[in-house]
Novice: 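Handing you a structure now.
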Amino acid sequence: MERLFRTHRIRQSRSCDPVWTLTTPDPGGLAGPEKVIVPGVWETHPALRRYRGRGVFEQEIVCGGNVLFRFGGVSFRARVFLDGAPLTEHYGAYTAFEALAPGLAPGRHRLRVEADNRFGEDSALHIPNDYYAYGGISRPVTVEELADAYIDRCRVTTRRGADGWMAEAEISVRNLSEKPAAGTLSMTIAGARRETSVILRGMETGAFTLSVPCGEVEPWSPDHPALYFAEAVLSVGGKPADDWIDRIGFREIRTEGKRLLLNGEPLLLRGFNRHEEYGGFGLAAPPQAMMQDIQLMRAMGANCVRTCHYPNDPRFLDLCDETGMLVWEESHARGLSEEQMRHPLFRAQVKRCTEEMVRQHGSHPCILIWGCLNECADDTEYGAACYREVLSQIRELDPSRPVTAALLERPGGLVYGDMDVVSVNLYPQWYRSDSVREALRRKIREIDENGGAGKPLIVSEIGAGAIYGYHDPLGEAKWSEERQAAILAEQIGAVLREPNVCGIFLWQFADVRVDESWFMSRPRTYNNKGVVDEFRRPKLAYRTVRALFGGQKEKDLSGQADE
Ligand code: ADA
């Protein structure tokens, strides 16, 4: 299942069978084809832990008519073939894409997906980095049989009007037939319904907007995450032809001076940076593991998560919608220098990922803010121009949410004035020995003097490393659990005491595997700054965070003592 609720009642839509055949044609691969589970990454196979190459996934599928294959995510290049003929290609591991085979003869067809995780000239965003570029089909695959006219996109955002809540649905309808299609398109939310007529020429795609007045529905908030279904139905010639069901929540986010407001109430974000990765599953964690992460973060008192450094699986976002976890979602790009930003494909790849993220995830009420370009070259004219381009792209695609970018601590940033919320990554006490308070004050002064004065400020990363199970009873050695806990205590305390800050995201929730080229500064070839390790075993810092974020001890949650 691509989502955690039913998305169609009219359209024929089903998950592909989970068992596929994998062949690995490049050096270091398997001797022959093997059966594997999708979603999954090949690094979980004992023989493929370090395989970097192509993985050819094959499956026979019985289908016919206008067939649409939907891929939630293939890491990190995909080429899709049906019965040997190319259908589509996609770059980027973290967003969904489709492959359409119109007018297919009913029967057995062979679907082949070539995933490729080799770094190369055509890849500006996936580079050897401080997280691992896995290979595989890491998110669900669905197969759908479509009517000639179908809904190919739908996004719903909400706002508070004079007479109650409004939902704005942007819907795109596509006609695959040479013949014109005429009918109606309706949207129903919380019992309120709006309809428009649809007339499309042969092979035409049309965009429609429906504003649905929903009145005094229950608003969505972290404490009360009320959700509603938004059901779009397309009828052609008087008969239902297709549908699209999404799930939304009514809430409005805006900034006011230095504050971030949710439904008019100021927010104090206490959150984690979380990579989409789990010990035994790599990039393809099952929903149970996603839910456990949310439970652990909430148990520590967090109300927010940052999807560093790319868009996440919509199933994780569904769970955040359900549990009231606020989300900072960002498009893919981490730590690129000006030279890397000048890669001939950089702008197109970032903008495509950003567009896919906002279009695909824009209905999720949990998403509170959009981010982009983590720690890139915001201190050069060229880099700053790239930031401005992506920030305005996001605003154009979705004016309903503020935009931000997590910037490096070093001075000289040129884009503080271009963001709705200014965000900065700080590592005092870990990479440097200065006091947290001093580092924070210095950065705030610099931001204020360079265009960021009066805007909300978020500390988007702060943290320290510890190797799970390594102890120094004196608490002095770096990489010990004791030292990590002590540094986090100082960092969190200083940030939460700073009145000018409206959010803190700890770096990071769980340890993550990194590219081998990072091994010198990353023991175990892991980024060890998690407060839990890659298997979610808590380090000492877990308790520190729980105490400072105001989390609940396990005894409060379960009625039993934990100590
Ligand atoms: C940066 C970066 C993270 C991670 C972190 C660290 O701020 O955004 O991806 O690399 O530093 O662990 O140093």
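For ligands, and for the atoms within them, numbers begin at 1 and follow the listed sequence.
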Novice: When the ring centroid of His309 is compared with that of Trp328, is the distance short of 6.0 Å?
Specialist: no

Novice: Quick test of your reading of the model: are Arg79 and Asp116 salt-bridged, counting only N-O distances below 4.0 Å?
Specialist: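 Salt bridge absent between Arg79 and Asp116.
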
Novice: Which protein N or O atoms sit under 3.5 Å from any N or O of ligand 1? Give each pair with its distance.
Specialist:
unit_1: ligand 1; atom_1: 7 (O); unit_2: Glu375; atom_2: OE1; d: 3.3
unit_1: ligand 1; atom_1: 7 (O); unit_2: Glu375; atom_2: OE2; d: 2.5
unit_1: ligand 1; atom_1: 7 (O); unit_2: Glu461; atom_2: OE1; d: 2.4
unit_1: ligand 1; atom_1: 8 (O); unit_2: Asn374; atom_2: ND2; d: 2.8
unit_1: ligand 1; atom_1: 8 (O); unit_2: Glu461; atom_2: OE1; d: 3.1
unit_1: ligand 1; atom_1: 8 (O); unit_2: Glu461; atom_2: OE2; d: 2.7
unit_1: ligand 1; atom_1: 9 (O); unit_2: His309; atom_2: NE2; d: 2.7
unit_1: ligand 1; atom_1: 9 (O); unit_2: Arg334; atom_2: NE; d: 2.7
unit_1: ligand 1; atom_1: 10 (O); unit_2: Asp130; atom_2: OD2; d: 2.4
unit_1: ligand 1; atom_1: 10 (O); unit_2: Arg334; atom_2: NE; d: 3.4
unit_1: ligand 1; atom_1: 10 (O); unit_2: Arg334; atom_2: NH2; d: 2.8
unit_1: ligand 1; atom_1: 12 (O); unit_2: Trp507; atom_2: NE1; d: 3.4
unit_1: ligand 1; atom_1: 12 (O); unit_2: Asn527; atom_2: ND2; d: 2.9
unit_1: ligand 1; atom_1: 12 (O); unit_2: Lys529; atom_2: NZ; d: 2.5
unit_1: ligand 1; atom_1: 13 (O); unit_2: Tyr431; atom_2: OH; d: 2.4
unit_1: ligand 1; atom_1: 13 (O); unit_2: Arg522; atom_2: NH2; d: 3.3
unit_1: ligand 1; atom_1: 13 (O); unit_2: Lys529; atom_2: NZ; d: 3.4

Novice: Any non-hydrogen side-chain atom of Val514 less than 4.5 Å from a side-chain atom of Tyr526?
Specialist: no

Novice: Quick one, Arg334 and Tyr131 - any side-chain contact, counting heavy atoms below 4.5 Å?
Specialist: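 A side-chain contact exists here, since the closest heavy-atom pair is under 4.5 Å.
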
Novice: Can a donor-acceptor pair be found between the side chains of Tyr310 and Ser331 at a distance below 3.5 Å?
Specialist: no

Novice: Is it possible for you to check whether Arg274 lies under 6.0 Å from the centre of the six-membered ring of Phe316, through NZ or CZ, and within 45° of that ring's axis?
Specialist: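 Ring-cation test returns yes.
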
